[in-house]
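Letters A, B, ... mirror the listed sequences (proteins, then strands); counts begin at 1.
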Protein chains: 2
Amino acid sequence: MVQRSQLRDALEEEIVNGVFGKGVRLDEQELARRYGTSRTPIREALMQLSAAGLVEMRPRRGAVAVVPDAQRLMEMFEVAAEMEGMAARLAARRWTEADNKQLLAVHAACRRKAEAGDADAYYYENEVFHEAIAAASHSGFLQEQLTALRRRLKPYRRLQLRTHNRVGASFAEHDAILAAIFAHDAEEAERLLRDHVLVQGDRFADLVASLAELPAAAVRKA
Amino acid sequence: MVQRSQLRDALEEEIVNGVFGKGVRLDEQELARRYGTSRTPIREALMQLSAAGLVEMRPRRGAVAVVPDAQRLMEMFEVAAEMEGMAARLAARRWTEADNKQLLAVHAACRRKAEAGDADAYYYENEVFHEAIAAASHSGFLQEQLTALRRRLKPYRRLQLRTHNRVGASFAEHDAILAAIFAHDAEEAERLLRDHVLVQGDRFADLVASLAELPAAAVRKA
DNA sequence: CGCTCTAGTCTTGTATACAAGATCAGACCT
DNA sequence: AGGTCTGATCTTGTATACAAGACTAGAGCG
């Protein structure tokens, strides 16, 4: 049986992965055909995605996928870095024995994937690692916000984890972050995790800049 | 003519202001009757609000208003403080002449309302002040996130601005924040604005605690 | 030759009809 | 009497029909 949320997730997946180009109209009938349903569930999914900022709904003129340009992407990475840093700070103050166990377990899993040189598998465990820190912050709201943000940045993160030997560096950073958290050094944990995420943003910016994929970063309108 | 977004906003307003009690089912037919429309637009509005975290949609069992308990509210204030602080930090680094002008103008408006002792008017200008700082951060994404968060915290903020002589204190804090921003002191601006917002959260927590309005903070389920 | 106005078509937005799971009440059984 | 099963009713979820604004193409005009 198909859950309502699955349609939304499938659409989100497609949009976030850039299946639809910038400014392409998302035709409700076509989507309905493609997903084998009527327009109603499609519309409801689109409404949700528009509330989440993934599509823009122009009255009477259809929905278009929102494809963040390089500047917007940097802004998103900046905010993500700030919030991940905040999570680390709170985690350093509040972690429990259960959090400790969980973090060590996930960290070990990261090590295995990193040593195996499996970037894709590492990428997955990396997500779990960050999620575990968010959980250790014991702020449900922060955790939710971070999860939503991570989903949107997912494809871009993945993109640049593959470059260079980022996996090795990433793991080393995880190590330092955990040390700071377990030492209850909130400021240091915040700084380290923030930088850890920002590096991804910077690297992404480099990547984009080098590809010059971006003719119209400044053409954003109010 | 009634825009689609107006229905959503009206519903959001009602929910955020706690018109519906905790766990009360939002009956689609009743809402449709009340707003003089069919169920379809109501459903679409509810979908958007569920994506924004304001209502929870339980499959086949209807939507209920999500009323944050005290702990969740504190978490939201914490995150808001962090992001407002971030905005101040960025604003201190990036403000332009136009931002400067705008900030001074809004600050002057705040002063007038504060001196007139008009808490409600001050409350409104206060919003504009914070919005102006977010604008001066030159991060569109951060600005949007802050706007969304502010909307959700609005009723609680308003609640505690009325207490004590918070208006006078608030204005003095604004003054210091602007000084730090104009001096390009990013760290100080961040610290001041963060505390400025956190005070509101703390005061709110005091309020709630004193009213003991909250029997079931721990009953939140996974 | 290009612009504008207009009719036609297409797409979105809303209402309604129908299908299917959830709730509730009453009867039945233990 | 209490609990449980079952059918009636109600609500949500989906499909379809219809209304109304937006795009398009083509004719007419400058």
- [ ] Using the closest heavy atom to pick a nucleotide of DNA chain C for each, name whichever of A/T40 or A/A63 lands nearer the 5' end.
- [x] A/A63

Open item on the list: Does a side-chain N or O of A/R58 approach OP1 or OP2 of C/dT12 to a distance below 4.0 Å, or not?
Closed with: no

Task: N/O (side chain, A/R61) to phosphate O (OP1/OP2, C/dT12) under 4.0 Å - done: no

Task: Electrostatic pair B/E75:B/R72 at N-O distance under 4.0 angstrom - done: yes

Task: N or O in side chain of B/R43 less than 4.0 angstrom from D/dG13 OP1/OP2 - done: yes

Task: Polar pair under 3.5 Å, donor/acceptor by atom type, side chain B/R39, base D/dG13 - done: yes

TODO: Identify whether any heavy atom of A/R60 sits under 4.0 Å from a base atom; if not, whether one sits that close to sugar-phosphate; answer base, sugar-phosphate or nothing.
DONE: base

TODO: Please round to the nearest 0.5 Å and tell me the distance separating atom CD of B/E82 and atom CE of A/M86.
DONE: 5.0 Å

Open item on the list: Rounded to whole Å, how long is the line connecting atom CE of B/M47 with atom P of D/dT12?
Closed with: 12 Å

Open item on the list: For D/dT14 and A/T37 - does any side-chain N or O of the residue sit under 4.0 Å from the phosphate oxygens OP1/OP2?
Closed with: no

Task: Between C/dT12 (C1') and A/E30 (CD): distance, integer Å - done: 15 Å

- [ ] Report yes if at least one side-chain N or O of B/S38 is closer than 4.0 Å to OP1 or OP2 of C/dA15; otherwise report no.
- [x] yes

TODO: Flag the pair A/V64 / A/R58 as yes when at least one side-chain heavy-atom distance between them is below 4.5 Å, and no otherwise.
DONE: yes

Open item on the list: Tell me the interatomic distance from A/L26, atom CG, to C/dT12, atom C1', rounded to whole angstroms.
Closed with: 13 Å

TODO: In whole angstrom, give the distance that lies between atom CG of A/D27 and atom P of D/dA22.
DONE: 17 Å

TODO: For A/Q29, answer base if it contacts any base atom (sugar-phosphate contacts may also be present), sugar-phosphate if it contacts only those atoms, and nothing otherwise; contact means non-hydrogen atoms under 4.0 Å.
DONE: base

Open item on the list: What verdict does the salt bridge (charged side-chain N to carboxylate O under 4.0 Å, His left out) test give for A/E131 and A/R150, after you've listed the backbone C-alpha separation in whole Å, the side-chain angles of each residue and the deciding distance to 0.1 Å?
Closed with: CA-CA 9 Å; A/E131 186 63 38; A/R150 256 187 240 120; 2.7 Å; yes

TODO: In whole angstrom, give the distance that lies between atom CD1 of A/I42 and atom P of D/dT16.
DONE: 14 Å

Task: Nearest-nucleotide pick for A/R25, side chain only, options being D/dG13, D/dT12, C/dT11 - done: C/dT11

Task: Length of the CG-P vector between A/L46 and C/dT11, whole Å - done: 15 Å

Task: Selected nucleotide, minimal atom distance to A/P41 side chain, candidates C/dT12, C/dA22, D/dA15 - done: D/dA15

- [ ] Using atom CD of A/E44 as one end and atom C1' of C/dT12 as the other, report the distance to the nearest whole Å.
- [x] 15 Å

- [ ] Nearest whole angstrom, please: distance from the P of D/dA15 to the CG of A/L31.
- [x] 14 Å

Open item on the list: Ring-plane angle category for B/Y122 and B/F171, please: parallel below 30°, perpendicular beyond 60°, tilted otherwise.
Closed with: perpendicular

